[in-house]
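Because only heavy atoms are used, hydrogens play no part in the values below, and waters and symmetry mates are left out as well, while side chains stay in.
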Amino acid sequence: MAGRLEGRGVVVLLAEGFEDLEFWVTVMRLREEGAKVTVAGLSTMPVHGKNGLEAAADIQVEEVSADAYDAVVVPGGWAPDKLRRYDAVKDLVRKAHHQGKVVGLICHAGLVGISAGIVEGSRATGSLGIKDDLVNAGATWVDEPAFQDGNLVWGRVVEDIPAFCRELVAAIEAHGA
């Protein structure tokens, strides 16, 4: 039986200090639904999550074109604060958003959305640690587990991964319908 995301391409961003569960559970859930998941990082060398799990990127972010994917996902942890410093990351997220592709942001990943300039005027959630950053960037803070606002899919924290994945899968499925 084909999954709901059969034939869809999703790029998931990775850097040192990623939130282990927000990365791995999301990747597994997308693959379970049949999506072709590509992991893009600052390099292809293995990196460690903040809780010690290892992951390696398939390709470098500079090699990724938003045109080739249906969605971009940014897991949380400490990685978003590193990722947001790179123009290739901001350009990818910005282009995907402007093309109407799904952009999934969970926990601290909103920092990447802020730096890419895509959160102004949207409803947003994430770790309480970035609430002020999101509000100062022009987003409206919403304290909910997960939701979709336009082509942005937001998740709050680790405990909300199931709700985030449900919203993410539904948004990607609807995107190509």
Side-chain angles (χ1 to χ4, degrees), residues 3-6 8-41 46-58 61 69-84 89 92-93 96-97 101-116 118-119 122-131 133-134 139-175:
R4 293 168 55 193
L5 301 181
E6 205 67 44
R8 308 289 170 80
V10 181
V11 62
V12 179
L13 301 185
L14 179 70
E16 186 70 32
F18 63 92
E19 198 329 295
D20 307 61
L21 294 176
E22 291 169 359
F23 174 79
W24 280 114
V25 173
T26 303
V27 166
M28 289 178 204
R29 185 69 188 94
L30 292 168
R31 287 178 177 157
E32 179 181 46
E33 287 292 352
K36 171 152 182 12
V37 176
T38 302
V39 178
V47 295
H48 293 89
K50 64 185 222 177
N51 296 305
L53 293 180
E54 186 175 274
D58 302 310
V61 175
Y69 294 92
D70 298 289
V72 176
V73 179
V74 187
W78 301 316
D81 191 43
K82 295 172 177 61
L83 289 166
R84 72 190 300 194
V89 170
L92 171 64
V93 171
H97 183 260
K101 309 280 179 84
V102 174
V103 177
L105 305 166
I106 185 168
C107 201
H108 283 81
L111 294 172
V112 174
I114 291 167
S115 293
I118 65 168
V119 304
S122 72
R123 294 170 52 233
T125 197
S127 165
L128 274 177
I130 67 165
K131 176 182 176 182
D133 302 280
L134 287 164
T140 300
W141 177 260
V142 179
D143 189 18
E144 293 178 16
F147 55 87
Q148 183 177 354
D149 187 64
N151 58 322
L152 295 175
V153 175
W154 294 92
R156 195 171 43 191
V157 292
V158 170
E159 292 83 1
D160 301 316
I161 293 170
F164 174 69
C165 287
R166 280 191 297 276
E167 292 286 339
L168 184 62
V169 168
I172 297 168
E173 181 181 35
H175 174 262

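Side-chain N or O atoms of E16 include one that pairs as donor or acceptor with a backbone N or O of H48 at under 3.5 Å. In terms of modelled atom types and a separation under 3.5 Å, the side chain of K101 and the main chain of Y69 share a donor-acceptor contact. In this structure a side-chain-to-backbone donor-acceptor pair under 3.5 Å is missing from S115 to V112. A donor-acceptor distance shorter than 3.5 angstrom exists from the side chain of D20 to the backbone of L53, with no hydrogens or angles considered.
In this structure, the side chains of D70 and L5 stay at 4.5 Å or more apart for every pair of heavy atoms. The closest side-chain heavy-atom distance from L30 to I172 is below 4.5 Å. Side-chain contact between N151 and H175 is absent, with no heavy-atom pair separated by less than 4.5 Å. Contact annotation: the side chain of V158 approaches that of E22 to within less than 4.5 Å [non-hydrogen atoms, C-beta and beyond]. Annotation: side chain of E19 is not in contact with side chain of P75 (no heavy-atom distance under 4.5 Å). Between K131 and L128 there is a side-chain heavy-atom pair separated by less than 4.5 Å. Residues V25 and F164 form no side-chain contact, since every pair of their non-hydrogen atoms from C-beta on lies 4.5 Å or further apart.
When every heavy atom of V102 is checked against every heavy atom of L168, the shortest pair comes out as CG1-CD1, 4.0 Å. Shown here for T125 and L134, the closest heavy-atom pair between the two residues is O-CD1, 3.9 Å.
For the side-chain contact (heavy atoms from CB on, under 4.5 Å) with W154, the qualifying choice from L105, D160, I106 is L105, the only one to do so.
To the nearest 0.5 Å, atoms CG (L21) and SG (C107) are separated by 11.0 Å.
With sequence neighbours left out, the side chain to side chain contact (heavy atoms under 4.5 Å, CB included) criterion links K36 to T38.
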N/O donor to acceptor pairs below 3.5 angstrom from side-chain atoms of residues 139-149, sequence neighbours left out:
{"unit_1": "D143", "atom_1": "OD1", "unit_2": "R156", "atom_2": "NH1", "d": "2.9"}
{"unit_1": "Q148", "atom_1": "NE2", "unit_2": "G150", "atom_2": "O", "d": "2.8"}
{"unit_1": "D149", "atom_1": "OD2", "unit_2": "R123", "atom_2": "N", "d": "3.2"}

